Amino acid sequence: MKRLQIASLVLAPALAASLLGMAGRPNASRVDVVAGRLNAPRVDVVPPAVTIAEGLAEDIQADLETRNWTMAQTRVAELQKNRLRLRVLLPAPTIAGYEVAFDSLTAQLKRQDRLASLQSANHMSREIVNIMGNYDLTVPIQVSYLDVAGRDAIYAAEGGRWQDASAAVTELRANYAIVQARVAGKDSTLDQHVRQQLNGLEVAVTAKSVTHARAIATALLENVDLIERVF
């Protein structure tokens, strides 16, 4: 999903209230990544620190797409500050995967390994979405997983990891199946386009066509932004 440039937001008052009110609350014990379901009760709204992390992780991927290493490093510095807030807000087991992805991203950026950095940043996005699933959301969590899986498909294709790309397509289909009825009811044309893109992406991955897989997945991600507006 396309986000505002989160790094420039000033959310100290809301964040302080969030830290006081949310610390120690229950979190999901397991995430079903394929279907995007959580086996834990949801509580309240997503804290600002989590939203900031989500936006920065996506902004970094946009920076890396244009090889803007300087801006990516700047956003990582913002993530580091926000990381401390997350540690106060959430139990260590809940953010363990996020911590690993963050450390990986930092290491890959130092080496200026673009594809590995993109994969680590998207892994961060996935971990953030896992966390977000514990809270009340206006847009179903499956839509966020569509965004993450679409990027996974692109990065896996670019890296020649076709089995992973195929798994991403499977995840895309599973999550879209959960929200399809709502999308079709609100915008049948959008639903038709998404279904066509999912079919086309599967064909491109099966044919191991990097160019076609990237083009179709990119178009699909644009429609994921439109899906978000349906809810």
Side-chain angles (χ1 to χ4, degrees), residues 1-3 27-42 45-46 50-51 53-55 57-58 61 94 97-98 101 118-158 161-206 212-231:
M1 301 173 200
K2 296 176 182 175
R3 306 287 176 187
N27 293 283
S29 59
R30 182 181 68 86
V31 176
D32 182 342
V33 173
V34 172
R37 292 185 294 269
L38 293 167
N39 292 332
R42 295 174 180 172
V45 298
V46 179
V50 176
T51 303
E54 180 195 23
E58 292 191 7
Q61 291 176 74
T94 301
Y98 174 86
L118 284 166
Q119 291 166 358
S120 294
N122 202 44
H123 184 191
M124 285 180 57
S125 290
R126 181 178 293 280
E127 293 295 335
I128 294 164
V129 172
N130 292 348
I131 294 170
M132 289 171 61
N134 295 322
Y135 301 92
D136 288 327
L137 302 172
T138 302
V139 179
I141 197 68
Q142 288 80 19
V143 179
S144 294
Y145 280 117
L146 286 172
D147 191 73
V148 173
R151 296 176 192 277
D152 272 347
I154 292 173
Y155 306 151
E158 288 190 355
R161 296 181 289 106
W162 295 108
Q163 186 172 355
D164 290 341
S166 180
V169 174
T170 298
E171 182 181 358
L172 284 164
R173 287 190 180 281
N175 281 297
Y176 187 63
I178 296 173
V179 300
Q180 181 181 0
R182 176 67 178 270
V183 176
K186 292 286 187 175
D187 190 335
S188 60
T189 300
L190 176 60
D191 170 58
Q192 182 180 8
H193 287 167
V194 171
R195 288 188 287 107
Q196 289 174 342
Q197 287 164 340
L198 288 172
N199 291 337
L201 182 57
E202 184 171 8
V203 171
V205 168
T206 300
H212 288 158
R214 180 178 180 82
I216 296 170
T218 298
L220 177 60
L221 287 173
E222 292 175 357
N223 278 331
V224 171
D225 288 330
L226 298 179
I227 290 173
E228 183 179 5
R229 300 174 193 174
V230 167
F231 294 92

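FYI, side chains are in, hydrogens and waters are out, and symmetry mates aren't considered; it's all heavy atoms of this structure. The structure displayed is predicted, hence computed values, not measured ones.
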Within a strict 4.5 Å, meaning less than it, do heavy atoms of the [X] and [Y] side chains meet?
{"X": "E222", "Y": "Q197", "value": "no"}
{"X": "V194", "Y": "L198", "value": "yes"}
{"X": "D152", "Y": "R161", "value": "no"}
{"X": "E54", "Y": "M124", "value": "no"}
{"X": "I154", "Y": "L221", "value": "yes"}
{"X": "D164", "Y": "Y155", "value": "no"}

[atom1]-[atom2] distance between [X] and [Y], expressed to the nearest 0.5 angstrom:
{"X": "E158", "Y": "Q119", "atom1": "CD", "atom2": "CD", "value": "9.0 Å"}
{"X": "S144", "Y": "I141", "atom1": "OG", "atom2": "CD1", "value": "4.5 Å"}
{"X": "R151", "Y": "L146", "atom1": "CZ", "atom2": "CG", "value": "12.0 Å"}
{"X": "I216", "Y": "E202", "atom1": "CD1", "atom2": "CD", "value": "11.0 Å"}
{"X": "Y176", "Y": "D191", "atom1": "OH", "atom2": "CG", "value": "3.5 Å"}
{"X": "Q196", "Y": "L220", "atom1": "CD", "atom2": "CG", "value": "12.0 Å"}

### Task
For side chain to side chain contact (heavy atoms under 4.5 Å, CB included), just list the numbers for I128 and V50, CA-CA rounded to whole Å, side-chain angles, deciding distance to a tenth of an Å, and then say yes or no.
CA-CA 7 Å; I128 294 164; V50 176; 3.9 Å; yes
For [Y], does its backbone N or O pair with a side-chain atom of [X] as donor and acceptor, under 3.5 Å?
{"X": "Q61", "Y": "A57", "value": "yes"}
{"X": "S166", "Y": "W162", "value": "no"}
{"X": "S188", "Y": "A184", "value": "no"}
{"X": "N175", "Y": "L172", "value": "no"}

#### Entry: Sole residue of L190, D187, V139, D147 in side chain to side chain contact (heavy atoms under 4.5 Å, CB included) with I227
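Checked L190, D187, V139, D147 against I227; only one passes side chain to side chain contact (heavy atoms under 4.5 Å, CB included): L190.
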### Query
side-chain hydrogen bond (donor to acceptor under 3.5 Å, both in side chains) between Y145 and N130: does it pass, once the steps are laid out?
CA-CA 9 Å; Y145 280 117; N130 292 348; 2.4 Å; yes
Which heavy atom of [X] sits nearest to which heavy atom of [Y], and what is that distance?
{"X": "L201", "Y": "A213", "answer": "CD1-O, 3.6 Å"}
{"X": "V148", "Y": "R126", "answer": "CG1-NH2, 3.5 Å"}
{"X": "A165", "Y": "A157", "answer": "CB-N, 4.3 Å"}

